Structures are given as C-alpha cells and as structure tokens.
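One is the number of the first residue; the rest follow in order along the sequence. What's counted below: heavy atoms across the whole structure, side chains too, no hydrogens, waters or symmetry copies. Only a predicted model underlies this, so the values are computations on that prediction, with no experimental measurement involved.
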Amino acid sequence: MDYVIIVAGGKGLRMGGEIPKQFLPIGGKPVLMRTMERFHEYDPALKIILVLPKEQQEFWQELCQKHDFKIMHQVADGGETRFQSSKNGLALIPDEDEGVVAIHDGVRPFVSTDVIERCFDAARDDFAAIPVVPVTDTLRYIDRGHGHNVLRDHFRSVQTPQCFDLSLAKQAFDQPYRETFTDDASVIESLGCQVTMVEGNRQNLKLTTPFDMMIAELLIHNS
C-alpha cells in the first residue's frame with residue numbers, strides 16, 4: 001500500500017495576507033486542491049494524508065464543500081516543526097502496512113506525474129529517493145563576512161515529493177528531533193541511509209511569495 005503525506009502548515013505571512021498560502025486560489029481553485037489532484041492523477045488508489053494545523057481544518061472542510069472537492073483523504077494535525085508534522089502524518093499509517101510513502105509540500109501544485117512516478121519507483125528499488133534540479137544561479141560561499149564562488153555543478157536544488165520505504169520512514173521518525181533535520185530526507189540520512197536523486201521538473205515551484213503566485217497563474221493558464 002502506497003501513501004502520500006501532504007504537509008501544509010503555512011501561515012501565509014510571506015504572502016502578505018491572512019489566508020494561509022495553501023488555501024489561496026490559482027485558476028479559481030485553492031493551491032492545496034491542485035496539489036492533491038496531481039497525486040490522485042498519478043494513482044487514484046494512492047492513500048492521501050493531509051497534515052494541517054488544527055485551527056485550519058474547519059476552514060479546509062468549508063473549502064471542500066464550496067468547491068465540491070471529492071478526493072478521499074485523511075487529515076492529521078500539524079506540528080510545531082516539519083519533522084513533527086511528517087511524524088503526525090506517518091502515525092495515521094498502520095505499522096503493519098508495507099510500501100512506499102511520499103512526503104510532499106502542500107504548496108507545490110505543479111509537480112509532474114512523471115516526477116512522482118520516478119520518485120516512487122526509485123524508492124521501491126533503493127528505499128529513499130528525492131527529486132532534484134540543477135542550480136542555474138551563480139553560487140557564492142560566505143564565511144565570516146568574506147566569500148568566494150563555488151562550482152554550481154556540485155549542487156542541486158531539492159524538491160518534493162521525497163519518497164521512502166514505509167518501515168524505514170517509521171523507524172527514522174521515531175527518533176528525537178534534531179536541528180540538522182532540514183527536510184524529510186535528512187531524517188532518513190541520519191540513520192546512515194543513502195538517498196537516491198532523480199530528475200525533478202522546473203515547474204515544481206514551492207509557492208511562498210506573491211511573485212510565486214503570479215508565476216503560478218501563468219502556469220495554470222498556459223497548461
């Protein structure tokens with residue numbers, strides 16, 4: 001049995017408004033619904049777990065009714081950290097289940113189904129997989145006020161979904177939180193596991209600022 005945990009804990013502060021960014025509309029539909037539709041399109045049998053702050057869950061139910069949103073999903077409570085939110089999502093998965101679990105940012109609605117498939121397939125073979133894209137900007141390393149350029153060929157930008165063997169993910173998220181856990185893959189790597197990188201897609205933007213929403217509208221209207 002395969003799962004996706006969609007983590008949506010944004011407060012909307014960088015968007016400059018009171019509505020959390022995962023609920024903002026693009027093309028007339030909330031971001032979060034478009035994100036969930038991508039995974040449903042990849043596999044209608046995929047079990048979807050949505051992680052939302054408790055205080056946002058009633059509003060989400062109202063949105064589902066308003067938009068007649070019918071994709072089946074469970075809802076878990078968001079935590080104080082990404083680590084805790086992912087852990088809360090994993091807690092809804094029975095311990096005896098086997099398969100692959102993806103963990104995805106709720107505000108990445110443009111992940112392609114090809115990328116989702118690559119991540120799941122790689123995790124089935126290698127236990128852990130993440131999508132990455134090449135860095136296009138010049139990078140500069142800063143140390144104590146000084147800096148120097150570094151070769152961007154040595155770096156990749158990391159996206160989601162990050163996919164893991166279910167039992168491995170359960171084991172990894174059973175440990176105490178550390179500040180070194182910068183994403184879900186870093187939690188897995190703390191057990192000494194290697195993470196396979198697969199090709200992501202450029203359109204798989206994390207919508208964080210008003211400028212990102214402008215890009216999102218363009219992507220919707222050109223799709």
Side-chain angles (χ1 to χ4, degrees), residues 3-44 46-78 82 85-86 89 102-120 130-134 136-137 157-163 183-184 198-223:
Y3 291 83
V4 58
I5 297 170
I6 297 177
V7 182
K11 300 293 192 292
L13 300 179
R14 277 178 282 184
M15 285 296 181
E18 295 182 357
I19 299 178
K21 55 192 176 184
Q22 58 265 21
F23 301 140
L24 292 174
I26 46 174
K29 186 181 295 185
V31 168
L32 192 49
M33 291 182 185
R34 293 196 178 277
T35 302
M36 294 173 70
E37 285 173 346
R38 283 298 170 106
F39 285 88
H40 187 70
E41 182 183 349
Y42 158 70
D43 181 3
L46 188 67
K47 299 291 186 181
I48 299 175
I49 296 172
L50 173 61
V51 183
L52 273 179
K54 211 164 190 176
E55 63 272 17
Q56 296 178 7
Q57 292 176 14
E58 183 177 351
F59 183 55
W60 169 246
Q61 293 303 322
E62 292 173 0
L63 285 176
C64 287
Q65 291 179 4
K66 177 181 177 181
H67 292 271
D68 196 28
F69 189 68
K70 300 294 189 183
I71 293 178
M72 296 295 294
H73 60 281
Q74 295 177 274
V75 178
D77 293 342
R82 171 59 174 255
S85 291
S86 297
I103 305 179
H104 186 68
D105 296 323
V107 289
R108 288 187 188 267
F110 297 111
V111 61
S112 72
T113 54
D114 287 342
V115 168
I116 297 172
E117 183 174 20
R118 282 197 290 271
C119 290
F120 270 93
I130 58 174
V132 300
V133 292
T136 56
D137 292 329
S157 293
V158 178
Q159 302 179 333
T160 66
Q162 300 186 352
C163 292
D183 66 354
D184 301 294
V198 303
E199 182 184 357
N201 67 294
R202 282 281 177 204
Q203 296 87 349
N204 188 12
L205 304 172
K206 186 175 183 180
L207 305 182
T208 306
T209 68
F211 178 76
D212 297 332
M213 294 299 290
M214 292 171 58
I215 300 297
E217 288 290 349
L218 287 173
L219 290 173
I220 285 292
H221 290 305
N222 291 329
S223 61

Hey, what do you get for [atom1] ([X]) to [atom2] ([Y]), rounding to the nearest 0.5 Å?
X	Y	atom1	atom2	result
L50	Q74	CG	CD	10.5 Å
S112	R202	OG	CZ	13.0 Å
K206	T160	NZ	OG1	8.0 Å
I26	M213	CD1	CE	5.5 Å
I103	D184	CD1	CG	4.0 Å
F39	D43	CZ	CG	11.5 Å

Please tell me if the side chains of [X] and [Y] come closer than 4.5 Å, counting only heavy atoms from C-beta onward.
X	Y	value
L52	L32	yes
Q56	Q22	yes
Y3	I48	no

Under the criterion side chain to side chain contact (heavy atoms under 4.5 Å, CB included), I'd like the reasoning laid out for L207 against K21: C-alpha separation, chi angles, the key distance, then a yes or no. CA-CA 8 Å; L207 305 182; K21 55 192 176 184; 6.0 Å; no
Salt bridge check, D105 against R82: does any charged N sit closer than 4.0 Å to a carboxylate O? yes
Tell me yes or no: between the side chains of Q57 and D77, is some donor less than 3.5 Å from an acceptor?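 Indeed, the side chains of Q57 and D77 share at least one donor-acceptor pair under 3.5 Å.
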By the definition side-chain contact (heavy atoms from CB on, under 4.5 Å), identify the one residue from I5, V7, D183 that meets it with S86.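 Of the listed residues I5, V7, D183, the side-chain contact (heavy atoms from CB on, under 4.5 Å) partner of S86 is V7.
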Closest non-hydrogen atom pair between [X] and [Y], with its separation:
X	Y	value
D212	T208	OD2-N, 2.8 Å
P161	V111	CD-CG2, 3.7 Å
V133	G200	CG1-C, 3.8 Å
C163	A102	SG-CB, 3.5 Å
Y42	T113	N-CG2, 4.0 Å
I49	A76	CG2-CB, 4.3 Å

Could you pull out all residues at least two apart from [X] that satisfy salt bridge (charged side-chain N to carboxylate O under 4.0 Å, His left out)?
X	value
K29	E37
E217	none
R34	none

Would you mind writing out the side-chain donor-acceptor pairs for residues 62-71 within the sub-3.5 Å range, not counting sequence neighbours?
from	atom 1	to	atom 2	distance (Å)
D68	OD1	K70	NZ	3.1

For L219, which residues count as a side chain to side chain contact (heavy atoms under 4.5 Å, CB included) partner, sequence neighbours excluded? F110, Q203, L205, I215
By side chain to side chain contact (heavy atoms under 4.5 Å, CB included) - contacts of V132 (at least two apart): I130, R156, V158, M197
Within the side chain of T35, is there an N or O that forms a donor-acceptor pair under 3.5 Å with the backbone of G106?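 Checking the backbone N and O of G106 against the side chain of T35, a donor-acceptor pair under 3.5 Å is found.
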In terms of ring plane angle, is the pair W60 and F23 parallel, tilted or perpendicular, where the classes change at 30° and 60°? parallel
